[in-house]
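In what follows, a single structure is set out as C-alpha cells and then discussed.
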There are 2 protein chains.
Amino acid sequence: MRKVTIQEVAEAAGVSKSTMSRYLNQNYSHMSVSTRQRIEKTVKALAYRPSRRAQSLKTKRSRLIGIMIADISNVYVSLLLKGITNYLKQYDYQTLIMESGNSVEQERQQLDQMLDQSVEGIILQPNSRLSATYQFIADAEVPLVLVDRETAPFRWDTIETDNYQATSRLSAQVHQSAEAYTVGLVVSEDVHAISTREQRLAGFINGVAPLPVQTVELDASNAAFTQKLQTLLAANEHPLVFANNGKVLAVVLKTLQALSLSVPRDVGVAGYDDWNWAGLVGPGISTVEQHPDKIGYLAGEMLMKLVQPHEKKPKPAIHTLPASVKFRQSI
Amino acid sequence: MRKVTIQEVAEAAGVSKSTMSRYLNQNYSHMSVSTRQRIEKTVKALAYRPSRRAQSLKTKRSRLIGIMIADISNVYVSLLLKGITNYLKQYDYQTLIMESGNSVEQERQQLDQMLDQSVEGIILQPNSRLSATYQFIADAEVPLVLVDRETAPFRWDTIETDNYQATSRLSAQVHQSAEAYTVGLVVSEDVHAISTREQRLAGFINGVAPLPVQTVELDASNAAFTQKLQTLLAANEHPLVFANNGKVLAVVLKTLQALSLSVPRDVGVAGYDDWNWAGLVGPGISTVEQHPDKIGYLAGEMLMKLVQPHEKKPKPAIHTLPASVKFRQSI
DNA sequence: CTGTTAGCGCCTTCAA
DNA sequence: TTGAAGGCGCTAACAG
C-alpha cells in the first residue's frame with residue numbers, strides 16, 4: 001500500500017490535479033458542490049494525505065519548528081518541552097528537537113541541519129553567550145526565540161527565570177536561621193559559561209552578604225566538592241552550600257549522604273530544584289523552583305507570533321518569569 | 001540573505017546542476033580535480049547548503065525519524081529520548097518528537113502527521129494494547145519499533161523492561177523484612193490500560209505471595225489512596241505500599257509525608273523510581289530502577305537496521321532488558 | 001568528464 | 001467552475 005499521490009486521487013475522482021489542490025487548500029469558493037463531494041469521498045476511500053515535503057517545496061512552509069536544547073535528559077528541559085508542545089498543539093506544527101550536548105560546535109552543526117530541513121522558526125537554549133554565534137540564523141531569515149539563557153548583545157526575544165531575584169531571596173533566609181553560618185559555598189558547573197549561572201551566583205552573594213562566599217566547580221566527579229567541604233569542616237567552618245542547578249543539587253545531596261553529614265547541623269543546604277523532590281529529602285531542602293513549562297509555553301507563543309505571516313511582529317524583548325522560593329528546614 | 005539554490009551555485013561555479021549534484025553526493029569518481037575544487041570554493045563562498053525537502057522529494061529519504069511518546073515531561077521518557085538520540089547521532093537523521101498525551105485519538109492524529117512529513121521510521125511508546133491500532137503504519141510501509149509497552153498480537157520489534165521479574169524480585173524482599181506486613185497495596189494508574197502496569201502488578205503479587213494484595217487506582221488526586229490507606233491503618237493492618245511507576249511513587253511519598261506516617265514502621269514502601277532520588281528520601285526507598293537510556297539506544301539501533309537500505313532485515317522480536325533492584329530500608 | 005532532460009508531488013497563474 | 005502548464009530545488013539516467 002504505497003502512498004497515493006494527488007495525481008491518483010484526481011484521476012479516481014475524475015478531476016484534474018488543480019481541482020484537487022483547490023480542494024486540499026479549502027478553496028471551495030468556485031467549486032461545484034457535487035465535485036467537492038465527489039472528491040471528498042475519493043479522498044476518504046483512498047485514505048489520501050498530501051505530502052508535506054511536496055507542499056512545502058512549493059509554499060516554503062514546512063510546518064516544522066526546531067527546538068535546540070542543551071541536554072534532553074535534564075528535567076528542566078523536559079518540562080520546558082512540555083510547555084512548548086503544550087502551546088504548539090493548537091497549531092498544525094511539528095517539532096524537530098535536537099540536543100547540543102552542551103557543545104557549541106555540535107550545536108552549530110545541528111542548527112545547520114535544522115535549517116536544511118527548512119524549519120520555519122527556532123527555539124534555542126543557547127550554549128554560547130555571544131549573539132554573533134547565532135547571527136547566521138537571522139541571516140537565513142528564520143525567526144528565533146531564546147530560552148533559559150541570554151546572549152549579548154541583546155538581539156532576540158528571550159524567555160528566562162528571574163534568577164538573580166529568586167536566588168537572592170532564597171539565600172537571604174540565612175539571616176533568619178538559628179544556625180550561624182560562617183561561609184557560603186556555591187557549587188556549580190562552569191560558572192562563566194552560561195549567563196544563568198552567573199546570575200545565580202551574583203544573587204547568592206547578594207542574599208547572604210556580608211557572609212564570605214567561595215565557589216567550587218563541579219566537573220564529572222564530585223571530588224573537588226568533597227575535598228573543599230572537608231577542608232572547610234576541618235577548619236571548623238559552618239558552611240551553607242548552595243547548588244546552582246538541579247543536577248548539582250542531586251550530587252551535593254548524595255555527597256552529603258555519603259559523608260554522613262547532618263543537615264543543617266553540619267552544613268546548610270539550598271539550591272535549585274528541577275525535580276520537585278527536594279521537599280522529601282532529609283529535613284526538606286530549601287530551594288528555588290522554576291517554571292520551565294511556563295517558559296516553554298511563552299516561548300511557543302512568541303515564536304508563533306513571529307512565524308505567522310499575518311501577525312504584526314512585536315519588538316523583541318527579554319521576558320523574565322518569577323520563580324517560586326520554598327523555605328524548608330535545610331538552612 | 002535568502003537561501004541559495006543549487007542552480008545559483010552551479011552558475012557561480014560555471015558548471016551545470018548535475019555536476020553540482022554529483023559533488024554534493026560525493027560522486028567524485030569521474031570529476032576533474034579542478035572542477036571539484038572550483039565547486040568546493042564556490043559552495044563555501046556562498047555558504048550553500050542543499051535543501052533536504054527538495055532532496056527527499058526526489059530520493060524518498062527524508063532523513064527524519066518520528067518518535068511518539070506518551071508524556072514528554074516524564075523522566076523515564078526524557079532518558080529514553082536521550083538514549084535514542086545518543087544512538088542516532090552517529091547517523092545523519094533528525095528526530096521528529098511528538099507526544100500523545102496518553103490519548104489514543106491524539107496519538108493517531110500525530111502519527112498521521114508524522115507520516116505526512118514522510119518520516120523514514122517510527123519509534124512508538126504505544127497507548128493502545130492492540131496491534132491493529134497501528135496497522136496503518138505498516139500499511140504505509142514505514143518501519144516501526146515499539147518501546148516500553150507491547151501490543152498484541154505480537155507484530156513489531158519491541159524493547160521493554162523485564163517488569164515481571166524485577167518487580168517480583170523487589171517485592172520478595174518482604175520475606176526478609178523484620179516488619180510483619182499483613183497486606184500488599186499496589187498504587188497505580190489505570191492498570192489494564194497498559195501492558196507494563198499489568199506485568200508489574202503480577203510480579204508484585206508473585207513476589208509477596210502468599211500475602212493478600214489490594215489495589216488502588218490513582219487518578220488526578222490522591223484521595224482514593226489516602227482513604228484506602230487510612231482504612232487499612234484503622235483496621236490495624238500493616239500495609240506494604242507498592243508504587244507502580246515513578247510518578248505514582250512521588251505521590252505516595254508526598255502523601256505519607258503529609259499524613260506524618262513513618263516508613264517502614266507504619267507502612268512499608270517500594271516502587272518504581274525514574275528519578276534516582278529515592279535513595280535520598282526517608283530511610284531510603286527500595287525501588288526498581290529501569291534503564292530507559294538503554295531501551296532508547298537499542299530502539300534506535302533496531303530502527304536503523306530496518307531503515308538502512310542495505311542491511312538485511314532481522315525478524316522482529318521482543319527484547320527484554322533487565323532492571324536494577326535497589327534494596328533499601330523502606331521495607 | 002560534463003551537460004541535457006525529465007521528473008519527485010504539489011501549488012498557482014493563466015486560459016478556457 | 002475547471003484544466004493545462006510551469007516550476008519549487010534537487011537527483012538520476014542518458015547522452016555526448
Using atom types as modelled, flag every donor-acceptor pair under 3.5 Å from a side chain in residues 37-47 of chain A to any protein atom, sequence neighbours excluded.
{"residue": "Arg38(A)", "atom": "NH1", "partner": "Ala13(A)", "partner atom": "O", "Å": "2.6"}
{"residue": "Thr42(A)", "atom": "OG1", "partner": "Arg38(A)", "partner atom": "O", "Å": "2.6"}

Original post:
Excluding sequence neighbours, so at least two apart, what forms side chain to side chain donor-acceptor pair (under 3.5 Å) with Ser18(B)?
Top reply: Ser16(B)
**OP:** Kindly write out the residues that satisfy salt bridge (charged side-chain N to carboxylate O under 4.0 Å, His left out) with Asp112(A), not counting sequence neighbours, or none if the list is empty.
**Re:** Arg108(A)
**OP:** Using the test side chain to side chain donor-acceptor pair (under 3.5 Å), find all partners of Thr95(B) that sit at least two apart in sequence or belong to another chain.
**Re:** none
Subject >> Gap between atoms CG and P, on Leu57(A) and dG7(D) respectively (whole Å) >> reply: 14 Å
Subject >> Spacing between Ile6(B) atom CD1 and dC8(C) atom P, to the nearest angstrom >> reply: 18 Å
Original post:
Any ion pair linking Arg61(B) and Glu120(B) (charged N to carboxylate O, less than 4.0 Å)?
Top reply: yes
Original post:
Where the side chain of Thr35(A) is defined as all heavy atoms beyond and including C-beta, which of dT1(D), dC8(C), dG9(D) is the nearest nucleotide?
Top reply: dT1(D)
Original post:
Mapping Met31(B) and Asn25(A) to their closest nucleotides on DNA chain C, which lands nearer the 5' end?
Top reply: Met31(B)
Original post:
When all nucleic acid strands are considered with a 4.0 Å heavy-atom cut-off, which category describes Tyr48(B): base, sugar-phosphate, or nothing?
Top reply: sugar-phosphate
Subject >> Rounded distance (Å) that lies between atom C1' of dT1(D) and atom OH of Tyr23(A) >> reply: 17 Å
Original post:
How many Å lie between CD on Gln117(B) and P on dC10(C), as a whole number?
Top reply: 13 Å
**OP:** Using whole Å, report how far CZ of Arg53(B) lies from P of dC11(C).
**Re:** 13 Å
**OP:** Go through the structure and list residues passing salt bridge (charged side-chain N to carboxylate O under 4.0 Å, His left out) with Arg129(A), not counting sequence neighbours.
**Re:** Glu198(A)
**OP:** May I ask you to list the residues of residues 37-45 of chain A, by number, that have any heavy atom positioned under 4.0 Å from an atom of DNA chain D?
**Re:** none
Original post:
Considering residues at least two apart in sequence or located in another chain, which fulfil the salt bridge (charged side-chain N to carboxylate O under 4.0 Å, His left out) criterion with Glu107(B)?
Top reply: none
Subject >> Presence of Gln55(A) side-chain N/O under 4.0 Å of dC11(C) phosphate oxygens OP1/OP2 >> reply: yes
Original post:
Just how far, in rounded Å, is C1' of dG9(C) from NZ of Lys60(B)?
Top reply: 7 Å
Original post:
Going by distance alone, is a donor N or O of one side chain under 3.5 Å from an acceptor N or O of the other, for Ser118(A) and Ser62(A)?
Top reply: no
Original post:
Any idea which of dC10(C), dT11(D), dT2(C) is nearest the Thr59(B) side chain?
Top reply: dT11(D)
Subject >> Distance, rounded to the nearest Å, where Arg61(B) contributes CZ and dA12(D) contributes C1' >> reply: 16 Å
**OP:** Give every residue pair that meets the ring pair (Phe, Tyr, Trp, His ring centres under 6.0 Å) criterion with at least one member in residues 57-81 of chain A, sequence neighbours excluded.
**Re:** none
Original post:
Using the C1' atoms of the five pairs at each end, what is the angle between the end axes of the helix from dC1(C)-dG16(D) to dA16(C)-dT1(D), to 10°?
Top reply: 40°
Subject >> Value in whole Å for how far the P atom of dC8(D) lies from CD of Gln7(B) >> reply: 9 Å
Subject >> Set of ring-ring contact (aromatic ring centres under 6.0 Å, His included) partners for Phe154(B), sequence neighbours left out >> reply: none
**OP:** Check salt bridge (charged side-chain N to carboxylate O under 4.0 Å, His left out) between Glu11(A) and all other residues, then give those that pass, not counting sequence neighbours.
**Re:** none
**OP:** Identify whether any heavy atom of Ser21(A) sits under 4.0 Å from a base atom; if not, whether one sits that close to sugar-phosphate; answer base, sugar-phosphate or nothing.
**Re:** base
Subject >> Distance-minimising heavy-atom pair for Ala70(A) and Gln125(A) >> reply: N-OE1, 2.9 Å
Give every pair of a protein N or O atom and an N or O atom of nucleotides 4-7 of chain C that lie under 3.5 Å apart, one pair per line with the distance.
{"residue": "dT4(C)", "atom": "O4", "partner": "Ser18(B)", "partner atom": "OG", "Å": "2.7"}
{"residue": "dG7(C)", "atom": "N2", "partner": "Lys58(B)", "partner atom": "NZ", "Å": "3.0"}
{"residue": "dG7(C)", "atom": "N3", "partner": "Lys58(B)", "partner atom": "NZ", "Å": "2.9"}

